[in-house]
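Here's the structure, in structure tokens; my notes come after.
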Amino acid sequence: MEDPIAYNYHSVRAGKARLAVHLQGMPVQLLVVTAWMLVVLGALLVVSGMALGWLVGSLGVLPWMFAQWYRGELRHLPTGKGSSVDDLMSGDVLGQLPAKPTPQDVAKAVGNVTSGQFMGVRFGLTPTLLGHLASSDPNDMPALWREAEAVRDQAGVPHYSGSVLAAALVRTTPGYKQLIAQIHLDDGDMIEGVRWQQHVRDIITNFSKPRRTGGIARDWSFGYIPLLSRFGQNISQQIQGGDILAVDVASHIEAVAQLTQTFANNGRQNAALVGPSGAGKTTIIHAFAQQLLDADAKLPDSLKFRQVFILDSSALIASAPGRGELEELIMRVLGEAYHAKNIIVCLDNAQLFFEEGIGSVNLTNVIQPIIEAGNLRMILSMDEQRYLEIADKNPSLVNSLNRISVAPATQAETMLVMQEKLLRVEPQQNALYTYQALKEAYRLSERYMHDIAQPGRSIKLLESAANYSENRLVTMNSVQLAIEKTMDVKVSVASEGADREKLLNLEKTIHERMINQKRAVQVVSDALRRARTGVRNENRPIGTFLFLGPTGVGKTELAKALADVYFGGEGKMIRLDLNEFVRPDDVARLIADGARNAGSLTAQVMKQPFSVVLLDEIEKAAPEVLSTLLQMLDEGILRDEKNREVSFRDAIIVATSNAGADRIREYIERGYDVGQFEAQITDELISSGQFRPEFLNRFDEIVVFTPLTKEDLLKVVDIMIAGVNKTLAPQHIAVEVEPEAKQVLVDKGYDPRLGARPMRRIVQKAVENTIAKAMLAGILDNGGKLVLKKIHINLALGIADDASDESE
Amino acid sequence: MAIVGILLWWYTDGWKQTLRSSGARLRSLLDYFSIDILLRTLFSPFRQIAASGVDGPIGLKLRAFGDRLVSRLVGAVVRTIVMLVGITTILLMFVWSVISAVLWGILPLLPIIGLILMLIGWIPWKIL
């Protein structure tokens, strides 16, 4: 048995490989030119009567033979019969290796061949990186060959291509797992890369093979179809145009086989492809049409060279506006298809032909008898919901259909479909996609795109990511940007300086508008930091908090501050007052379909998934409403009335409640610290029956807000005055309240039961009214400043005072 | 090494490749002229013109029968012509394939033949 890690520089195959490397490009073209020149020169000599011409002309054969040899064998050197390195290595790499190669020589050779460059572009394993990783010690070669053999074996490819060697070079680097983790790769990804490169090569090889399609007489015994050509799309003709189409997903192959079986049998000649949008129904129809045109495919004669037409419902409707005209037109179109004898009519989105609506019309009366008779071959495609609706309205129609289910693709299948799709997408978009972009497209589309199924949703995201490419290279970041822009979410890990600063100083920023409640601010800030550094559980909301405490202590304000600071504005807060959901049947309003009730919780989150969801006064909600919210708190998912999943996994859920407010106040008055009675408050809420334990347990944190003291209120007044100044800023007017005056405001506005809430009214009455009067009286003009003293506040609030200061 | 390599390939895989590509060209022609389909559908109505059955008075039926007959006749004529053209082309291609396969075998010998011709000083029109 041959030593699998032996490399023989002097083997015949290695010699041929080196010759091929020397001949490639210009030299081989020169050989052909020389051959022709010799032949022509020889002919001229013979014609001019010189017998030397025979030798000169015939010598032209030699360079021509060399060129033929290069094209026939050397260019794509077949794998050798043995199992040594030089037998199994692809010729383009082998030809570049010296007698005693080092890993660096291999890295250099890999960087010069297409399969190696594939790994550079798609995976970031560039020639420069490989050159840095590879050692210059020839003694490391046995380890590299062994690793190459392991990679080849795992990937199931026939030879050591540039991609195999690139992966092997990485895997022989100590601590390589950490290294490739930095470019978001793991071991399995590199093996996938090797398979991908081989798969692309196979597809191109198959595509370039001549195809037998039936020839000129193929359609002569079938009828003309002018009407059908006008109102339908000839899929077969499109495929014949030379589209690269590969169907390698197991479920799709099975569906194509089922279609063939259905139409080959003598039963009803129809098939209904039922599956979610994006699952690949149209691709299956295309693959089926392609198979029918393949003269080499094992098909019954009754199916060979049949053509698939997709009917265009909108064109049909537009051409027949009058009553009964459409029915007549569709009868003529279908009649034409039947008489042509080689047509399979496809109703893509078949529901458009079975229901009244914009762009759709109910043609059940016309189409159903044709389907039931089973003479005209038809393919219908629709999603499960539409199929059920048609089944509900018209059971006999559904009974006549041969159903073929199309399930959404798995992750592995989706990756494969994306890789194949890139062969068409990349030239269209003039861009190149990295493997990391494909993986990210799957992950993010799975998480954020719920309107269509896989692989459609990944492909959709991948296509939109091209708009965010970097130098026409679509990377993982491009995909993240695409989803961030289209879905208005933040998915990238915080890495930019400003972003990091903001997250590290979240508490400080929030406290600019929030007084006290340090613990509450701390826990929500921690949750946000976890989310933006990617250490949170992605199958739950960013954070779920229950804020307990008396009114006016800042529970809602903290939610608003969060929306403003983190999500980019208070408009990013979805607020629901649960005192409007006190009856059991209010659950329906909570999860209503967005088309019917745009204000339902599910509809709002579907539109704006990246937000703070504030559930105010949660203790007032009906138990049924709270039970509905359990899954949202636990898994970040709530199903709407149409059973669509709505994701709350990018939202912060904040529930507020006044329950236990009196007890909190009591504890504080008795001198307890929040930390000392927080757990007790929770226990009391459960034992008093206000909340069920399973509901409270769903929250990440239950935070008790403490009542505000007079000192706190002084700070609140400052924030409110700052707010007034901000409002007046466009008029260049400023207001200042002296400390004594502030104290009056606090004394008047302090109510331990209502917190900071009365302060708003007091500031409005004492400060805003005074400013308004001063402006009207002409005392305060643009550019002026008003200093409010105690006397002004007393006057405004109707408090007797002996001071007599004046305003400036 | 190169001379041995080229000759070895020339008379083994190279020759096989020439035969294979000749075969592929023939298959492509066979597919293009689709002789089998032409034969199977020789008397089928051309493009299904007037192919559907007619229900009605005997006169109408007779007329439809006549139309069908004409359609089939037209089809048969067109198909026969295409078959003849196709068969001729395929035969020519077959002959060329045989010639090129033989030429492939003697091509490496051409320099020797050329040398001999040069040495004997053979110029065709001078002999004539």
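Here the structure is a predicted model, which means the values were calculated and not measured. All chains are named by letter (A, B, ...) in the order of the sequence lines, taking the proteins before the strands, and each is independently numbered beginning at 1.
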### Message
Evaluate A/W220 against B/I37 for side-chain contact (heavy atoms from CB on, under 4.5 Å), listing each step before the verdict.
### Response
CA-CA 10 Å; A/W220 285 358; B/I37 296 176; over 6 Å; no
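- In this structure, the side chain of A/E73 does not engage the main chain of B/W9 through any donor-acceptor pair within 3.5 Å.
- With contacts defined as side-chain heavy-atom distances shorter than 4.5 Å, the pair A/M65/B/P108 qualifies.
- Put simply, CG on A/L55 and CD1 on B/I113 are 12.0 Å apart, with the number rounded to the nearest 0.5 Å.
- Around CZ of B/R63, the count of heavy atoms belonging to other residues, nucleotides or ligands within 6.0 Å does not exceed 12.
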### Task
Please assess A/W69 against B/L8 for the test side-chain contact (heavy atoms from CB on, under 4.5 Å), listing each intermediate value before the final yes or no.
CA-CA 10 Å; A/W69 186 29; B/L8 205 62; over 6 Å; no
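- Within a 6.0 Å sphere centred on OH of B/Y11, heavy atoms belonging to other residues, nucleotides or ligands number more than 12.
- Rounding to the nearest 0.5 Å gives a distance of 8.0 Å between CG of B/L115 and OG of A/S58.
- Separation of atoms CG (A/L45) and CE (B/M118) is listed at 11.5 Å; rounding is to 0.5 Å.
- Looking at every heavy atom in both residues, B/S34 comes nearest to A/G214 through CB-O, 3.0 Å.
- Taken from CG in A/D219 to OG1 in B/T41, the straight-line distance is 11.0 Å, to the nearest 0.5 Å.
- For the atom pair A/W54 CH2 and B/L110 CG, the distance stands at 10.5 Å (nearest 0.5 Å).
- Heavy atoms of A/D301 lying under 4.5 Å from chain B belong exclusively to its side chain.
- Contact annotation for A/F305: only side-chain heavy atoms (C-beta onward) come within less than 4.5 Å of a heavy atom of chain B.
- Annotation: maximal heavy-atom pairing with chain B below 4.5 Å, among A/L19, A/L59, A/N342, A/T213, occurs at A/T213.
- In terms of heavy-atom pairs under 4.5 angstrom with chain A, the leader among B/G5, B/A2, B/G114 is B/G114.
- Annotation: maximal heavy-atom pairing with chain B below 4.5 Å, among A/Q68, A/K304, A/R218, occurs at A/Q68.
- Here OG of A/S221 is found 9.5 Å from CG of B/L38. Values are rounded to the nearest 0.5 Å.
- Open room surrounds CG on A/N266; 12 or fewer heavy atoms of other groups in view lie less than 6.0 Å from it.
- For A/V61, the part lying under 4.5 angstrom from a heavy atom of chain B is the side chain only.
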